[in-house]
Undergrad: 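Provided herewith is a single structure, encoded as C-alpha cells, for subsequent inquiry.
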2 protein chains.
Amino acid sequence: MDAAERRREIAAAVWRVIRRDGVQGASVRAVAREAGTSMGALRHWFATQDELLHFAMTLVIEHARARVAAVVAGATPDARLVLRVLEETLPLDDGRRAEAEVWLALTARALTAPTLAALRDRSAEDLLALCRWVLTVLADAGDLRPGSDPSLEAERLYAVLDGLAVHAVTRPSALPVGRVRQVLAAHLDDLRDTR
Amino acid sequence: MDAAERRREIAAAVWRVIRRDGVQGASVRAVAREAGTSMGALRHWFATQDELLHFAMTLVIEHARARVAAVVAGATPDARLVLRVLEETLPLDDGRRAEAEVWLALTARALTAPTLAALRDRSAEDLLALCRWVLTVLADAGDLRPGSDPSLEAERLYAVLDGLAVHAVTRPSALPVGRVRQVLAAHLDDLRDTR
DNA sequence: TCTAAACTAGCACAGTCGTGCTACAACGAC
DNA sequence: GTCGTTGTAGCACGACTGTGCTAGTTTAGA
C-alpha cells in the first residue's frame, strides 16, 4: 500500500469534516467515520489529532505551491503570467474554495496551536516571497510604477490576496468569483504605470 | 445590578479565554472559571454557549463601531481623517489586537455556525459601507484619482484592511504596527492622485 | 417584616473527547 | 511452514462537554 496516498486520503476526509462541521467537529472519531475506517486504523497513520490537523494544513500549502509552480513552469515571466500565478492562490473554484476554507479554519486555530503556527508562518513567508517575486518581475519588465517601494508593495499585495481570500470564503455571494478577479487585476494594474 | 454591564464583564472573560485557549477552549465551565463565577450564575446571563459567543462577537463589532464614530464625530471629512478612521479598524494596539484575535477566531467559527455567520455578515456589510464612505469623501474633496471605479476600489480597500488585520494578528513580529500603518497610508495615497 | 423577584451555586445526565492498549488478519521474506 | 512486519479493529480509561434542574441566597418593594 502506498503510505503517502493513504495519508492523503485521510487528510481529504479531514478537509470534508472541517468544511462541514468546523475544526471543533474534526474529532478523531468523526474523521475515522468520514474516512470509512476505524479509530485504530486511523491512529496507525496519525498518532495524535495534532498530527492529523498538521498534515491537513500541510496539504493545503502543498496544493497551492504545486499549482503556482505549474503555472510558472516554462512560461515567460510577464504581467499576464503574474496575474495567473496570483489567481492560483485565491478561492476561484470549488477545489480552491475548499482549500481556502480549511486554510481559514486552521489559521484561526493556529493562534493557539504552536505546531500549526509554525506551519502557517512558513507558508506566509512563502506567499510573501511570491509577492516579492511578482514585484521583481514587474520591475524587470520596466512595468513597475516608478517611485514605489517594492518591499512595501509586496506587503500590500499580500494583504490584498489574503483579504480577498477571506472575503471570498466568508461571503461568496457578496463577492463572486468574477469580482475577486477584477479586484486583483485592478490592483496589478495599479502596481504598473498603465494609467 | 446593571445587567448590561454584567454581560459585558462575562464577555470580557470570553475574550480572555478565546485569546488564551482558542474558541475550542471557551467551554461554559472555562468561561465561568475565568469570570470568577459559577456555571449556574453564568447561565443566568447566557442561556446557551452559542449566546455567549454571539455576544462576545457583538461586542467586538460594537467597540470598533464606537471607535470609528468617535473619530468621525465633529471632524471635517478629509484625507487625513479618513486615515485615522480606517486605523481604528486595525489591530494597532493591545486592545485592538485582542479584538482582532477574537474576531478572527469567531470569523472562522462562523463558517460552520449560522448565528455567528449572520452577525459576521452584518459587520462585513458595515465595514464595506465604511470603505465606500471613504471613497466618497476622497471623491468629494476632488482627491480621488480620476478614472477609478469607486465600488471596485471600496472592495479593494476592504481587502487591504482585512488582509492587514489577519497578517498583523497572525504574525505580529513579521508585520509590526508601524509597517501596518505604512501599508495603509500607501494604499490611501494610491487612491488619491498625489503622485 | 414579609414576599417576590433577581441572582448564584452546583449537581446530574447523557454524551463526546483523545489516546493507551490488546487482539486479530493479511502478507512478503526466509 | 513460520516469523515479523504492516495494517485494522475497537475496547477502556479518565476527563471534559452543554444543558436541565433544584436549591439556596441576596436584594428591593410594600
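So that the names make sense, note that chain A is the first sequence line, chain B the second, and so on, each numbered from 1.
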Undergrad: Mind calculating the distance between CD1 (A:I10) and P (D:dG7) to the nearest angstrom?
TA: 11 Å
Undergrad: Can you check the A:E51 CD to C:dG20 P distance for me, whole Å?
TA: 11 Å
Undergrad: Rounded to whole Å, please give me the gap between CD in A:E5 and P in D:dG7.
TA: 14 Å
Undergrad: Whole Å only: how far is the NE2 atom of B:H44 from the C1' atom of D:dT26?
TA: 12 Å
Undergrad: Give the rounded distance in Å between these two atoms: CG of B:D21 and P of D:dC16.
TA: 13 Å
Undergrad: Can you measure from CD (A:E155) to CD (B:Q182) and round to the nearest 0.5 angstrom?
TA: 9.5 Å
Undergrad: If only atom types and distance count, is the side chain of A:R156 paired as donor or acceptor with the main-chain N or O of B:V160 below 3.5 Å?
TA: no
Undergrad: May I ask you to decide if the ring planes of B:H63 and B:W15 are parallel, tilted or perpendicular, using 30° and 60° as cut-offs?
TA: perpendicular
Undergrad: Starting at CG of A:L42 and ending at C1' of D:dT6, how long is that distance when rounded to a whole Å?
TA: 16 Å
Undergrad: Taking only side-chain N and O atoms of B:W45, does any of them lie within less than 4.0 angstrom of OP1 or OP2 on C:dT8?
TA: yes
Undergrad: Check the distance between C:dT8's C1' and B:R6's CZ and give it to me in whole angstrom.
TA: 10 Å
Undergrad: Show the numbers, then the answer: is there a side chain to side chain contact (heavy atoms under 4.5 Å, CB included) between B:R145 and B:L191?
TA: CA-CA 6 Å; B:R145 200 182 56 219; B:L191 292 177; 5.6 Å; no
Undergrad: One character per nucleotide, please: for nucleotides 9-18 of chain C, 5' to 3', B when the base has a protein heavy atom closer than 4.0 Å, S when only the sugar-phosphate does, - otherwise.
TA: BBBB----BB
Undergrad: Pairs of donor and acceptor atoms involving the side chains of residues 135-142 of chain B, under 3.5 Å and at least two apart or interchain, shall be tabulated with distances.
TA:
| from | atom 1 | to | atom 2 | distance (Å) |
| --- | --- | --- | --- | --- |
| B:T136 | OG1 | B:W133 | O | 2.6 |

Undergrad: B:R120 pairs by side-chain contact (heavy atoms from CB on, under 4.5 Å) with which of B:T115, B:L111, B:I61?
TA: B:L111
